[in-house]
J.: 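Please find one structure pasted underneath; my questions will follow.
Every chain is numbered from 1 and lettered A, B, ... according to where its sequence line falls, protein lines coming before strand lines.
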2 protein chains.
Amino acid sequence: MKITRNTVAKTAVLEIFGNSTTALSHTEIQKQLNEVCDRVTTYRILDRLIQDDIIHKIVDLDGTVKYAKCRHEHRVHIHNHAHFSCENCHEITCLENVKPSYLIPHSYKVKDINFTLSGLCPKCSS
Amino acid sequence: MKITRNTVAKTAVLEIFGNSTTALSHTEIQKQLNEVCDRVTTYRILDRLIQDDIIHKIVDLDGTVKYAKCRHEHRVHIHNHAHFSCENCHEITCLENVKPSYLIPHSYKVKDINFTLSGLCPKCSS
DNA sequence: TATTAATTGCAACTTTGTTGCGTTATATAA
DNA sequence: TTATATAACGCAACAAAGTTGCAATTAATA
Ligand SMILES: [Zn+2]
Ligand SMILES: [Zn+2]
Ligand SMILES: [Zn+2]
Ligand SMILES: [Zn+2]
């Protein structure tokens with residue numbers, strides 16, 4: 001594996017994630033970066049952060065791609081957690097503790113699950 | 001609502017869905033159509049078929065958009081069913097009978113669920 | 001401070017999907 | 001069968017999202 005370096009742009013991206021409680025799209029990040037770097041660079045930084053397990057990629061119900069910080073609680077990286085997509089504010093939040101149970105024919109070999117709930121988030125339903 | 005007409009292109013698209021057991025992307029459908037109509041027309045036909053509840057749209061884990069026939073079994077249209085995405089052959093199949101159960105904080109108002117399992121399909125795991 | 005490779009900017013390109021508009025074809029009624 | 005209204009179509013143009021190649025820059029470390 002390549003050694004990843006700490007650059008001005010990468011630090012700026014990490015700070016943006018640090019200030020956000022919801023998932024962010026490339027476009028949203030790019031706007032917040034405010035000319036710090038080229039959009040291609042932002043794509044590459046996001047790729048590196050995913051490889052380093054610092055963020056994860058989420059595909060929203062409408063196909064929109066977003067990114068969110070990974071939480072490595074209890075020294076265990078929780079993969080495959082559920083997400084909530086608000087139909088009103090369009091924010092995506094990680095639901096680290098929601099784990100669906102299900103039954104599927106044995107002929108399918110399940111390796112990964114993707115569970116996204118949609119509706120109104122706490123902020124929008126009150 | 002508008003009245004939808006039966007056209008040559010629409011009939012061709014329906015036949016393609018009739019011959020497929022898995023979900024199809026716009027590009028795959030367009031190839032199979034073999035010059036029957038313009039790609040814009042195919043997009044519009046797919047939109048109409050969705051509005052008429054004849055097909056449904058599926059967003060794969062990687063963001064790829066596909067379409068699959070709706071099965072109206074028992075006179076009831078099963079919405080929100082699960083899907084299986086094969087990491088090997090990249091086929092998406094509807095899992096009409098897989099229904100996840102889960103627990104989520106009451107502060108979220110869930111209206112819709114999206115459940116996609118991935119791994120190896122029966123064909124690819126044998 | 002010098003070196004090496006990771007990172008960046010920029011231009012160009014691809015893929016996917018949308019929109020406007022003049023033309024064509026379908027369904028229905030005379 | 002023919003006339004008519006409008007759904008559907010083709011085409012060109014556009015937009016958003018993401019990728020690639022390459023030369024220039026910069027971070028890490030020796
Ligand atoms: Zn909301
Ligand atoms: Zn998450
Ligand atoms: Zn398969
Ligand atoms: Zn389905």
J.: Angle between the end axes of the helix from C/dT1-D/dA30 to C/dA30-D/dT1, five pairs per end, to the nearest 10 degrees?
T.: 30°
J.: Atom CD1 of A/Ile29 and atom P of D/dA17: how far apart are they, to the nearest Å?
T.: 12 Å
J.: Rounded to whole angstrom units, what separation is found between the CG atom of B/Asp38 and the C1' atom of C/dG22?
T.: 15 Å
J.: Quick one: is D/dA7 close enough that its OP1 or OP2 comes under 4.0 Å of any side-chain N or O from B/Thr7?
T.: no
J.: What is the separation between atom CG on B/Asp62 and atom P on C/dT15, rounded to the nearest whole Å?
T.: 15 Å
J.: Can we call the ring centroids of B/Phe115 and B/His83 under 6.0 Å apart?
T.: no
J.: Aromatic contact between B/His56 and B/Tyr67, with the criterion being ring centroids under 6.0 Å apart: yes or no?
T.: no
J.: Looking at every non-hydrogen atom in both residues, tell me the closest pair between B/Tyr108 and A/Cys121 and how far apart they are.
T.: CD2-CA, 4.0 Å
J.: Which pair of heavy atoms, one from B/Lys109 and one from A/Ser125, lies closest together, and at what distance?
T.: CB-CB, 4.3 Å
J.: Between A/Ile45 (CD1) and C/dA6 (P), how many Å, whole number?
T.: 16 Å
J.: Looking at CD1 of B/Ile92 and OG of B/Ser25, how far apart are the two atoms once the value is rounded to the nearest 0.5 Å?
T.: 9.5 Å
J.: Answer yes if the side chains of B/Ser85 and B/Thr116 hold a donor-acceptor pair under 3.5 Å, and no otherwise.
T.: no
J.: Going by distance alone, is a donor N or O of one side chain under 3.5 Å from an acceptor N or O of the other, for B/Thr4 and B/Asp52?
T.: yes
J.: For nucleotides 18-20 of chain C, print each protein N/O atom paired with a nucleotide N/O atom at under 3.5 Å, atom names and distance only.
T.:
residue	atom	partner	partner atom	Å
C/dG20	O6	B/Arg44	NH1	3.4

J.: So which one's nearest nucleotide on DNA chain C is more toward 5', A/Arg48 or B/His26?
T.: A/Arg48
J.: Quickly work out the B/Leu33 CG to D/dG10 C1' distance and round it to whole Å.
T.: 15 Å
J.: So for atom NZ, which belongs to B/Lys10, do other residues, nucleotides or ligands contribute more than 12 heavy atoms lying within a distance under 6.0 Å?
T.: yes
J.: Using whole Å, what does the distance between atom C1' of nucleotide D/dA8 and atom CG of B/Asn6 come to?
T.: 12 Å
J.: Are A/Ile104 and B/Phe84 close enough that some pair of their side-chain heavy atoms sits under 4.5 Å apart?
T.: yes
J.: Output a table of nitrogen or oxygen pairs between the protein and nucleotides 1-5 of chain D separated by less than 3.5 Å.
T.:
none

J.: Can you measure B/Lys10 atom NZ to D/dA7 atom C1' for me and round it to whole angstrom units?
T.: 11 Å
J.: Let me confirm one number: the CD-CG distance from B/Gln30 to B/Asp38, rounded to the nearest 0.5 Å.
T.: 7.0 Å
J.: What is the distance, to the nearest angstrom, from the CG atom on A/Leu46 to the C1' atom on C/dT8?
T.: 15 Å
J.: Could you tell me the separation between the CD1 atom of A/Ile113 and the OH atom of A/Tyr102, rounded to the nearest 0.5 Å?
T.: 5.5 Å
